[in-house]
Each structure stands twice: as C-alpha cells, then as structure tokens.
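Just so we're clear, the structure is a prediction, and the values are computed from it rather than from any experiment.
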Amino acid sequence: MFHWEAFVKKIPSVIQWALFSINFFFSFLLLAGGILTFIALRRLNRALPPDRGVLLAMAGFWIANTLYQLFIPMPLPPKLWMLHIVLLGYGVLAALAYLVSLGALRKQ
C-alpha cells in the first residue's frame, strides 16, 4: 500500500534488516498479547483468580499507542487521510476494551 520496497532498496542492508525485524517482532508481540488476553480471561471460568497483569499491560500498550498517534501522527499522503481515523479509532477501542475488562474484574 505504501510502496516501501522502492525506498527500502536505497538504505543500508543493516537498516533494512532492522526495519523488517521491528515489524516482525512488533507483530509477534501483538499476537502474543492477544493470546495472553484470552488466557487471562478464560481463568474467570475456573477457580483461579484472573490475571490482571496481562490486561493492565495491554491496556497500557493501547493507551500509549493512542497517545502516540495523537501527538505524532503517521505522515500519510492526503488520499489516505481516512487511515488516521481508522488506526486511531482501533487504538481507542482496544484500550477501552481492556479498561472495561479491568473495571469488570475490579467489581468482583
């Protein structure tokens, strides 16, 4: 979508590697955080106490993500202006979902 391949070829190979490794590890971290979220919530159905740490960490991640997007928005071409709203909205909704989950656990 952003046609990065044209720009990535022009940078040193070590920076190319770093760019794609950051993308890979960030994606892995989000996937692992999502899986751990479901594991933490499944504990509610058992005699085990719920794991608030994972939910709190993921809420913090999405709050930081939202604030970063607000104060340092992604430089996008004008034709993709709607992507700002979509990405910011997703960050806000994800943060709210984790905060609501933590609020529900607090009431128990």
Side-chain angles (χ1 to χ4, degrees):
M1 178 164 71
F2 296 108
H3 307 289
W4 284 9
E5 60 276 356
F7 301 104
V8 172
K9 291 177 185 175
K10 299 175 185 177
I11 61 177
S13 60
V14 72
I15 297 174
Q16 288 178 26
W17 178 88
L19 176 69
F20 289 112
S21 69
I22 287 170
N23 187 34
F24 172 79
F25 290 115
F26 175 71
S27 298
F28 178 83
L29 187 61
L30 281 180
L31 178 64
I35 291 169
L36 287 172
T37 297
F38 286 112
I39 291 170
L41 291 175
R42 281 185 51 147
R43 292 180 75 172
L44 291 173
N45 297 333
R46 300 191 175 119
L48 299 170
D51 187 355
R52 290 177 175 87
V54 172
L55 300 177
L56 185 61
M58 292 302 293
F61 171 84
W62 286 110
I63 291 168
N65 177 285
T66 299
L67 292 173
Y68 193 91
Q69 288 186 69
L70 283 173
F71 292 108
I72 308 171
M74 184 189 311
L76 292 171
K79 67 180 180 179
L80 296 176
W81 67 270
M82 183 73 119
L83 194 54
H84 281 293
I85 296 168
V86 171
L87 293 174
L88 184 62
Y90 184 81
V92 168
L93 288 175
L96 284 175
Y98 282 104
L99 293 172
V100 166
S101 297
L102 286 167
L105 291 177
R106 179 178 251 176
K107 294 177 183 177
Q108 290 183 344

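- Hydrophobic clustering (side-chain heavy atoms under 4.5 Å, transitive across Ile, Leu, Val, Met, Phe, Trp, Tyr) groups Leu30 together with Ile39.
- Separating the CG atom in Leu56 from the OG atom in Ser101 is a distance of 12.0 Å, to the nearest 0.5 Å.
- Residue pairs meeting the side-chain hydrogen bond (donor to acceptor under 3.5 Å, both in side chains) criterion with at least one partner in residues 71-80, sequence neighbours excluded, do not occur; the list is empty.
- Taking CG of Leu88 as the start and CD1 of Ile85 as the end, the distance is 8.5 Å to the nearest 0.5 Å.
- Rounding to the nearest 0.5 angstrom, the gap separating the CE atom in Met58 from the CG atom in Asn65 is 10.0 Å.
- Note: Tyr90 and Trp62 have perpendicular aromatic rings, judged against thresholds of 30 and 60 degrees for the angle between ring planes.
- Put simply, Phe28 and Phe38 are part of two different groups of oily side chains (I, L, V, M, F, W, Y) that touch within less than 4.5 Å, one to the next.
- Following chains of ILVMFWY side-chain contacts shorter than 4.5 Å, one can reach Leu31 starting from Phe26, so the two form part of one hydrophobic cluster.
- We find the CG-CD1 distance between Leu67 and Ile63 to be 7.5 Å, quoted to the nearest 0.5 Å.
- Although no hydrogens or angles enter the test, the distance criterion places a donor-acceptor pair under 3.5 Å between the side chain of His84 and the main chain of Met74.
- To the nearest 0.5 Å, atom CG of residue Leu76 and atom CG of residue Leu87 are 7.5 Å apart.
- The two residues Thr66 and Gly91 have their closest heavy-atom pair at OG1-C, 3.2 Å.
- Phe7 and Ile15 fall into different hydrophobic clusters, where Ile, Leu, Val, Met, Phe, Trp and Tyr are joined by side-chain heavy atoms under 4.5 Å apart, directly or via other members.
- Between Ile22 atom CD1 and Leu29 atom CG the span is 12.5 Å, to the nearest 0.5 Å.
- Among residues two or more places apart in sequence or in another chain, the side-chain hydrogen bond (donor to acceptor under 3.5 Å, both in side chains) test is passed with Thr37 by Tyr98.
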